[in-house]
Amino acid sequence: MASTQEKATHCCIPKTNDDIKNNKAPRPPPPSSSTKVLQNWSVALVSGSNPSEDTISKRASMATLIRPVEPISDPPATNTTTSKGISIMPRAQTSHPLDPLSAAEISVAVATVRAAGKTPEVRDSMRFIEVALVEPEKHVVALADAYFFPPFQPSLIPRTKGGPVIPSKLPPRQARLVVYNKRSNETSIWIVELSEVHAATRGGHHRGKVISSKVVPDVQPPMDAMEYAECEAVVKDFPPFREAMKKRGIEDMDLVMVDPWCVGYHSDADAPTRRLAKPLIFCRTESDCPIENGYARPVEGIHVLVDMQNMVVIEFEDRKLVPLPPADPLRNYTAGETRGGVDRSDVKPLQIIQPEGPSFRVSGNFVEWQKWNFRIGFTPREGLVIYSVAYVDGSRGRRPIAHRLSFVEMVVPYGDPNEPHYRKNAFDAGEDGLGKNAHSLKKGCDCLGYIKYFDAHFTNFTGGVETIENCVCLHEEDHGILWKHQDWRTGLAEVRRSRRLTVSFICTVANYEYGFFWHFYQDGKIEAEVKLTGILSLGALQPGETRKYGTTIAPGLYAPVHQHFFVARMDMAVDCKPGEAFNQVVEVNLKVEEPGKNNVHNNAFYAEEELLKSELQAMRDCDPLSARHWIVRNTRNVNRTGQLTGFKLVPGSNCLPLAGSEAKFLRRATFLKHNLWVTPYSREEMHPGGEFPNQNPRVGEGLATWVKKNRSLEEADIVLWYVFGVTHIPRLEDWPVMPVERIGFMLMPHGFFNCSPAVDVPPSATDLELKDTDIATKPIQNGIIAKL
């Protein structure tokens, strides 16, 4: 991931501080890596209308007055070009150990692995599923944050006699590659050390070193977009398929959509000895609409099985002639007349203006806002990752809260037992990759206000590097009232508005869109939120047919019931420096006091705490009737009342799988059986269903297996795995495109501070002006006060 270059669109107007102060045209950023702080500042001012050029020019004069991060001294300069003129990435400590791999690093990693192939055939058959950073041990991160990168906090390093030994450089970065051999159907994992990276294309000079490589037996890696495109072409060119479509009145294959779905694992026929896909078929209606909704016409009755290794159709059967649903006049969702409708005309512009610029500061991937600071990362599988979350708490300094936050898996099981819907149980992270399916926000500005964008870099299937520009969005949002109180005796009131910092990305997996958000609040809360939108996955009905497993959306068209589950992995570090393991988890339930001498009025209830001492004890479910929540506490740090400091996990709305315990998809998704799992930190334990859920024949791989060790949690480096879901019973109002549905949870300080951390938020300028006016000119009108 990298900061993008400055851009300007109809809704994004970037400028630097000096440009705005001097009313000059934007200048290119300075070359020093430490001062590339203001790249790609953008402003999206207006929602609901396109501002004119005059409006933009008027706003430009007050567009951004962004305070840059204090200059950071660069390490001694090194040559940045070779004698052959190949550009070289500066030495290792110019990239933080947690920074995502750059495009140059990915190129070198791929070239190094390809060069290590024993024969030309092996090299040519290599397909690159994923290239990601090998995240270093926590003590390396502490070393970087202490002496090489912000926050420059030497106290992160344990004290030693004679003082700390400051190294001259950090260890080399490493890349981890998942490689699929298309010839042998083998999956291998490679570790490559990146000592000095040259931005060279395939065949160019590189300086990578293979540290290790191993073949992983009996697995299939995630599918790739290139495979999906090739699969669609193969199916559409298959003569029996064309004949089956002709029976349904379709001869133009350009109208046909083939969505390959992983087969999952239902029997030995789905074993990973073959790389398989079972596509779903849809057909667009001929129209003048620029985005014709092909999902409005599902094609049912056709069974197709594709060998994705050799890219051939190996099974085909036209089992049942189900007529195509008639063209629904309400199927499209583009603007106005292009969809055959009329847009509402009474939406006035909503302007988001910050005349002094945003309150956050960015240096590379390090973000500071109010008293929060953290690092932004990105992986092909998880997408957005938040590292090193901490809060600067006055004289207590920078206090860690979490080492790593991310969404590591999601599962979407459908509730219709009929073909093909019973096979719909997508593992969208493990089978496809949330990060690799992320949007470039250049194609649709999803945020308002002053925006900092980050790019993301990936390898494609053949080893080339692709960049998603404007992939991650960072911006501030107004969030209503933060706190308020009015003294009824004097009539005087104090009120503060809430503001939050939002980091987000959005991805599309086939028909659905998912927005993943981390919100940071001024009162010390962290909110994780997922926004679901997109298009329903539909089925076709025979004339006069209805099904109890879904909702009829239009004539001949129905939407099956289904669930969406997400897994957040939170490597907590509440008041813990790197290397410390002083956290524990307490479950809190509200209890009603039994009637008797302690409850003579029958009104008593209290909070009861239970320490979760081991992994098996910590497999827990939500219970809204007892207001159940969980607190991660530091066992050695107390607040002013002597209580242990902590952060609590507060569930939002949630559910558990409604499928029976023997449902096939639960073999691979045993982690869905509980809402909370707790494990001690282990560097290898990253994926709750195992690293390769695609066609996985093993039962309970991942979390369900790890916790059988029943490790102690009484004082440990705690990792929370929170599973949250929504049961979707489709409505007609979800068609043709679903309004956003929100789901998530909160991390809230619980005894972490000595009082409200939001009490020092200043009143807004307008509040101060109104208060001065009211006190000076308005007598107190309160009748009670008059009597007093």
Side-chain angles (χ1 to χ4, degrees), residues 248 257-267 269-270 276-283 293-305 315 317-326 328 331 410-428 431-432 509-512 514 532 534-565 655-669 672-673 693 725-738 741:
R248 291 160 174 80
M257 297 163 43
V258 179
D259 278 13
W261 281 53
C262 296
V263 297
Y265 187 86
H266 293 261
S267 67
D270 301 325
L276 303 174
K278 283 195 173 181
L280 299 178
I281 313 299
F282 303 89
C283 185
N293 183 4
Y295 291 111
R297 298 183 80 194
V299 180
E300 294 214 2
I302 297 178
H303 166 79
V304 186
L305 182 66
E315 290 183 15
E317 185 179 356
D318 191 355
R319 294 175 173 173
K320 185 178 181 181
L321 183 59
V322 180
L324 287 178
D328 180 11
R331 69 187 179 278
M410 59 172 292
V411 185
V412 187
Y414 280 70
D416 186 341
N418 295 288
E419 191 62 78
H421 308 289
Y422 78 93
R423 281 188 171 269
K424 293 180 181 178
N425 41 71
F427 288 62
D428 287 335
E431 292 179 340
D432 289 285
V509 185
N511 53 295
Y512 261 112
Y514 301 97
L532 298 78
I535 299 175
L536 298 168
S537 182
L538 304 178
L541 296 174
Q542 297 273 21
E545 181 187 6
T546 60
R547 286 189 191 171
K548 65 179 180 180
Y549 305 109
T551 303
T552 301
I553 296 295
L557 202 59
Y558 97 111
V561 294
H562 56 281
Q563 295 180 290
H564 300 261
F565 290 100
C655 62
L656 289 170
L658 294 171
S661 60
E662 300 302 315
K664 297 296 185 182
F665 78 90
L666 287 176
R667 293 169 53 97
R668 303 184 293 147
L672 296 183
K673 293 185 177 182
V726 59
T727 300
H728 191 183
I729 303 173
R731 311 168 297 149
L732 270 70
E733 291 83 357
D734 291 330
W735 182 251
V737 62
M738 188 176 89
E741 182 156 350

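Ion pair K320/E419 not flagged as a salt bridge, since none of the NZ, NE, NH1 or NH2 atoms sits closer than 4.0 Å to an Asp/Glu carboxylate oxygen. The pair D270-K664 fails the salt-bridge criterion, with no side-chain N (NZ, NE, NH1 or NH2) lying under 4.0 Å from an Asp/Glu carboxylate O.
Between the side chain of R331 and the backbone N or O of D328, at least one donor-acceptor pair lies under 3.5 Å. Put simply, the side chain of R668 gets close to the backbone of P693: a donor and an acceptor are under 3.5 Å apart. In terms of modelled atom types and a separation under 3.5 Å, the side chain of E300 and the main chain of A540 share a donor-acceptor contact.
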Exercise. Stepwise, does the side chain to side chain contact (heavy atoms under 4.5 Å, CB included) test hold for L276 with E315?
Worked result: CA-CA 11 Å; L276 303 174; E315 290 183 15; over 6 Å; no

For this session: For side chain to side chain contact (heavy atoms under 4.5 Å, CB included), just list the numbers for F282 and V299, CA-CA rounded to whole Å, side-chain angles, deciding distance to a tenth of an Å, and then say yes or no.
Result: CA-CA 5 Å; F282 303 89; V299 180; 5.6 Å; no

For this session: Go through the steps for H421 and Y549 under the test side chain to side chain contact (heavy atoms under 4.5 Å, CB included), then give the verdict.
Result: CA-CA 10 Å; H421 308 289; Y549 305 109; over 6 Å; no

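With a 4.5 Å cut-off on side-chain heavy atoms, R297 and R248 do not count as touching. The shortest distance between side-chain heavy atoms of P736 and Y295 does not fall below 4.5 Å. Side-chain contact between L557 and P298 is present, with heavy atoms from C-beta onward closer than 4.5 Å. In this structure, R423 and W261 have side chains that are not in contact, with every pair of non-hydrogen atoms separated by 4.5 Å or more. By the 4.5 Å heavy-atom criterion applied to side chains, P420 and L280 are counted as neighbours. The side-chain heavy atoms of P413 and F565, taken from C-beta on, include a pair separated by under 4.5 Å. A heavy-atom distance below 4.5 Å is found between the side chains of L305 and V263.
Between atom CE of residue M410 and atom CG of residue D432 there is a gap of 10.0 Å, rounded to the nearest 0.5 Å. With values rounded to the nearest 0.5 angstrom, D259 atom CG is found 8.0 Å from S537 atom OG. In this structure, CG in L536 is found 8.0 Å from CG in N511, a value given to the nearest 0.5 Å. The structure places CD1 of I281 at 11.5 Å from CG of L324, a figure rounded to the nearest 0.5 Å. The distance from atom CD1 of I302 to atom CG of L321, rounded to the nearest 0.5 Å, is 9.0 Å. In this structure, N293 CG and I535 CD1 are separated by 4.0 Å, a value rounded to the nearest 0.5 Å.
When all heavy atoms of A659 and F665 are compared, the closest pair comes out as CB-CE2, 3.5 Å. Of all non-hydrogen atoms in P730 and T551, the two that sit nearest each other are O-OG1, 2.8 Å. Considering all non-hydrogen atoms of both residues, L538 and A559 come closest at CD2-CB, 3.5 Å. A pairwise comparison of heavy atoms in P323 and Q542 identifies CD-OE1, 3.3 Å as the closest pair. Here the shortest heavy-atom pairing between K673 and S661 reads NZ-O, 4.3 Å. Contact record, P560 with Y414: CB-CD2, 4.0 Å, taken as the closest heavy-atom pair.
Tested against H728, the residues H562, E741, Q563 include a single side-chain hydrogen bond (donor to acceptor under 3.5 Å, both in side chains) partner, H562.
Atom CD of E733 has more than 12 neighbouring heavy atoms from other residues, nucleotides or ligands inside a 6.0 Å radius.
Between H564 and Y512, the gap from one ring centroid to the other is short of 6.0 Å.
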